[in-house]
Amino acid sequence: MVELHFNARAVVLALLAPAAISAFSAKPPVTSISFGENIPGKIKIEIPRRPKDPNAVVASPKLSHPLPQAPKKTVVIGGGPTGLATAIMLARRGWHNIEVFDRLAPPPDPDDEGIFSDSARFYLIGLGSRGQKALQQLGAWDDVQRYCSAVVGRKDWSPGAGPDEGNQRIFTDRPYLTQVLARDRLSGVLHRICETEYSNQVTLRYGVECEKVEWAEDGAAEATLTLRPNSCDTAALETARGPAAVGAAEDECPAAEESAAPLRVTTPFLVGADGAARAVAEAMESISEAEVKVTRYEDDNVRIYKTVPFSLPAGFAGPAATAATAAKDAEANDAAAAEAKEGPAQAAAAVRAGWRGDVNYSSRTKDGRINFDALPANGKGDYCGVLLLRADDELAKPDTDPKDLRKVFDEVLPQFSHLVSDADLDKVARKPPSRLPSFRYVGPRLHHGGSTVLLGDAIHTVKPYFGLGANSALEDVIALQRSLDASSCDAPGPAIAAFSKERGPEAEALVRISRSFDRPGKLGFITFILPLILDGIFHGSMPRLFAPNTIAYLQRDGVSFTQVARRKRRDRLAQAAALALGGAAGLKLASLGLGLAAQHAVGPALKAALAAWEAASGPAQAAARVGLAAAAAAGAGLWGWKVMDKSKHMAPADAVAKGPWDKGGKKSGRSNEDFLMNQRLKQPGAGPPPEPASE
């Protein structure tokens with residue numbers, strides 16, 4: 001989704017020279033493609049295409065290994081970022097006859113501001129170190145970065161906090177800055193690269209659904225697919241694309257037209273990159289349940305969302321502002337422009353509020369009803385917010401009353417309410433909601449025979465709270481490239497087996513870790529809140545022995561998901577041992593204290609009891625001490641357990657909080673939410689808290 005709380009990044013690269021940009025400005029002609037003689041001629045798919053030069057050969061400039069030999073044909077199911085990136089990777093190796101099929105319409109032209117100016121229409125994703133490095137290796141990062149907005153920090157409002165009480169962190173020394181863009185825009189850039197640079201190697205076919213996949217008994221030779229055109233036209237397919245969400249609802253596009261004759265395609269190499277549709281994965285599961293299995297978790301914390309566009313007030317600090325100069329720049333350089341545009345009062349309020357155009361904004365309600373998170377849609381102060389609601393919420397329906405929605409914003413999101421226009425809020429209230437995906441992963445094997453391999457969201461689907469899904473999908477493409485480079489066989493079979501061995505455990509670890517952030521009620525306390533607290537305490541006091549909290553650790557460059565899982569298991573064991581030893585030591589001190597008290601003020605009965613304790617056998621005494629230490633540790637967590645019990649429908653990813661905001665009519669300045677937020681944000685690269693806002 002949109003939360004990119006913890007991705008840390010370095011300086012934004014310079015934009016491409018105008019000459020390089022202009023190379024992509026002209027649109028190629030449109031070529032009409034049909035599927036063959038068995039499909040009625042009226043069923044055609046219009047695809048922008050540059051005429052092919054049959055004599056041109058595009059070899060990979062970075063081809064490090066001539067094996068495995070390119071198959072005669074390669075089919076990629078799924079034309080999203082992962083499928084298109086896979087096609088580019090294979091084309092760079094010198095492979096030809098690569099066909100990409102997708103059930104939706106082609107992505108929009110990334111330069112079409114008439115489409116992308118509607119920030120609420122598209123789903124924003126954040127590219128961290130994993131995604132950026134993958135695109136760099138594919139030679140696509142410079143093209144993609146042109147359309148990105150850098151995020152240098154985040155600002156959170158704790159539940160119950162006033163509009164001027166946000167907690168801001170600016171990340172100062174991270175190797176990668178999070179880069180945000182619409183998912184469909186990323187697809188559009190990769191689509192254009194395929195069309196302009198690899199048009200003689202890659203063919204893109206849209207509006208085509210994969211209905212069935214079959215293999216020979218051994219699965220090694222080839223796969224046969226049954227494909228069928230969708231019944232809807234291009235305009236309908238574009239509507240079906242909607243706010244492009246990772247793992248969007250599987251019924252978002254109409255079913256294939258039953259009356260159209262299907263196309264059967266046989267290929268020696270098949271890549272399943274079709275995301276939540278999982279046509280290839282489910283076909284593999286149906287014939288080898290023990291080795292290829294789709295693990296589907298029941299969603300016990302169902303959330304739906306609506307996207308909300310808004311614009312920062314004039315006078316906000318632009319993306320180029322640094323942490324040290326943002327407030328000064330906003331006041332000195334932008335105050336006059338803000339006053340001219342909106343008047344002195346609103347301009348002064350904008351400067352006091354400290355709005356920046358390069359920060360991730362977030363706020364929540366105490367009861368867990370609403371979570372609002374927003375990312376920059378561009379460098380002009382336009383933002384796209386995501387309003388997360390429970391599925392049974394009155395606002396989680398189409399055609400709700402805009403007045404009711406405005407009332408909710410005024411009451412619980414006042415810092416954002418004045419930034420959302422009435423016209424935009426009316427659209428938000430009228431449109432239907434979208435649902436976050438459920439957690440799923442494929443394993444233990446990700447390939448079938450020597451002909452088929454799965455990657456991307458087809459093998460791991462997570463709720464996009466922390467920007468892991470899209471980045472890990474692009475990382476899968478590079479992992480497949482490494483496996484192909486390392487292979488010494490003519491056929492790709494051993495390479496995809498090696499890929500499966502590497503990425504299968506990664507997919508499982510990613511989904512399991514992400515799901516632990518999303519459990520509601522008491523389970524959420526056990527799987528997320530308590531570990532977050534323990535990591536904050538132990539890492540803060542012994543950073544060389546204990547790793548940072550899981551969320552921060554996931555953002556470390558070069559650390560895999562399985563490494564994170566192993567390290568946190570080790571930390572939990574060490575933390576439990578430390579708590580047990582601490583409890584035993586505390587009991588020993590208490591017994592000594594009681595012994596001294598007994599000698600001076602307590603009767604013989606207590607002295608006899610202490611003597612019996614000291615005389616107890618070693619194992620029995622040790623067991624008693626460990627038991628009491630465990631009881632003490634459990635008691636220390638009762639406050640969190642009680643909080644989560646009262647909030648059974650909230651999950652830690654919703655940033656649960658029930659802290660003592662008001663004591664004796666005065667703000668306490670510290671709360672449970674403050675503690676959790678500090679642990680959540682405390683990590684290398686986070687700058688100091690901002691100075692208190694002046695009254």
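Between the side chain of Lys306 and the backbone N or O of Lys431, at least one donor-acceptor pair lies under 3.5 Å. In this structure a side-chain-to-backbone donor-acceptor pair under 3.5 Å is present from Gln132 to Leu127. Between the side chain of Asn360 and the main chain of Ala374, a donor-acceptor pair closer than 3.5 Å is present. At least one donor-acceptor pair closer than 3.5 Å links the side chain of Asp476 to the backbone N or O of Gly456. Not a single donor-acceptor pair under 3.5 Å links the side chain of Ser487 to the backbone N or O of Ser483. Between the side chain of Thr267 and the backbone N or O of Lys73, at least one donor-acceptor pair lies under 3.5 Å. Not a single donor-acceptor pair under 3.5 Å links the side chain of Asp274 to the backbone N or O of Gly78. Side chain of Ser472 to backbone of Gly469: a donor-acceptor contact under 3.5 angstrom is found. Listed for the Arg440 side chain is no donor-acceptor partner under 3.5 Å among the backbone atoms of Ser438. When atom types are taken as modelled, the side chain of Asp358 and the backbone of Ala150 share no donor-acceptor pair closer than 3.5 angstrom.
Asp102 contributes atom CG, which lies 13.5 Å from atom CZ of Arg205 (distance to the nearest 0.5 angstrom). Taken from CD1 in Ile77 to CG in Leu454, the straight-line distance is 11.5 Å, to the nearest 0.5 Å. Here the OG atom belonging to Ser311 is positioned 4.0 Å from the CG atom belonging to Asp382, to the nearest 0.5 angstrom. A distance of 15.0 Å separates OH in Tyr198 from OG1 in Thr203, rounded to the nearest 0.5 Å. In this structure, Ile98 CD1 and Asn200 CG are separated by 9.5 Å, a value rounded to the nearest 0.5 Å.
Using a 4.5 Å heavy-atom threshold, the side chains of Val511 and Thr461 count as separate. Within the 4.5 Å cutoff, the side chain of Leu436 has heavy atoms near those of the Leu388 side chain. Contact check for Val386 versus Phe372: no side-chain heavy atoms found under the 4.5 Å cut-off. Residues Gln481 and Val477 have side chains not in contact (no heavy-atom distance under 4.5 Å, counting atoms from C-beta outward). At a threshold of 4.5 Å between non-hydrogen side-chain atoms, the residues Pro81 and Ser187 count as touching. Side-chain contact between Glu475 and Phe561 is present, with at least one heavy-atom pair separated by less than 4.5 Å.
Between Lys427 and Asp118 there is no salt bridge, since no side-chain N of the basic residue sits under 4.0 Å from a carboxylate O of the acidic one. Salt bridge status for Asp143 with Arg192: absent, with no side-chain N to carboxylate O gap under 4.0 Å. Glu214 and Arg264 are joined by a salt bridge, as a carboxylate oxygen and a charged side-chain nitrogen come within less than 4.0 angstrom of each other. Between Asp299 and Lys463, at least one side-chain nitrogen of the basic residue sits less than 4.0 Å from a carboxylate oxygen of the acidic one, meeting the salt-bridge criterion. A salt bridge is defined here as a Lys NZ or Arg NE, NH1 or NH2 lying under 4.0 Å from an Asp or Glu carboxylate O, and Arg278 with Glu285 fails to meet this definition.
The minimum heavy-atom distance between Ile125 and Ala470, with the atom names listed, is CD1-CB, 4.1 Å. Closest approach of Glu506 to Glu502, counting heavy atoms only: CG-O, 3.5 Å. Shown here for Lys72 and Asn97, the closest heavy-atom pair between the two residues is O-ND2, 2.9 Å. Summarising the geometry of Val100 relative to Gly79, their closest heavy-atom pair is CG1-CA, 3.9 Å, with the distance given to 0.1 Å. Residues Ala473 and Thr82 approach most closely at CB-OG1, 3.3 Å, considering heavy atoms.
Under a cutoff of 6.0 Å and an axis angle of 45°, Arg185 and Phe116 form a cation-pi pair.
Close placement of the Tyr206 and His191 rings is indicated, their centers lying within 6.0 Å of each other.
Below 30°, between 30° and 60°, or above 60°: for Trp95 and Phe269 the angle between ring planes is above 60°, a perpendicular geometry.
Ser362 and Asp373 share a donor-acceptor pair across their side chains, judged by distance under 3.5 Å alone.
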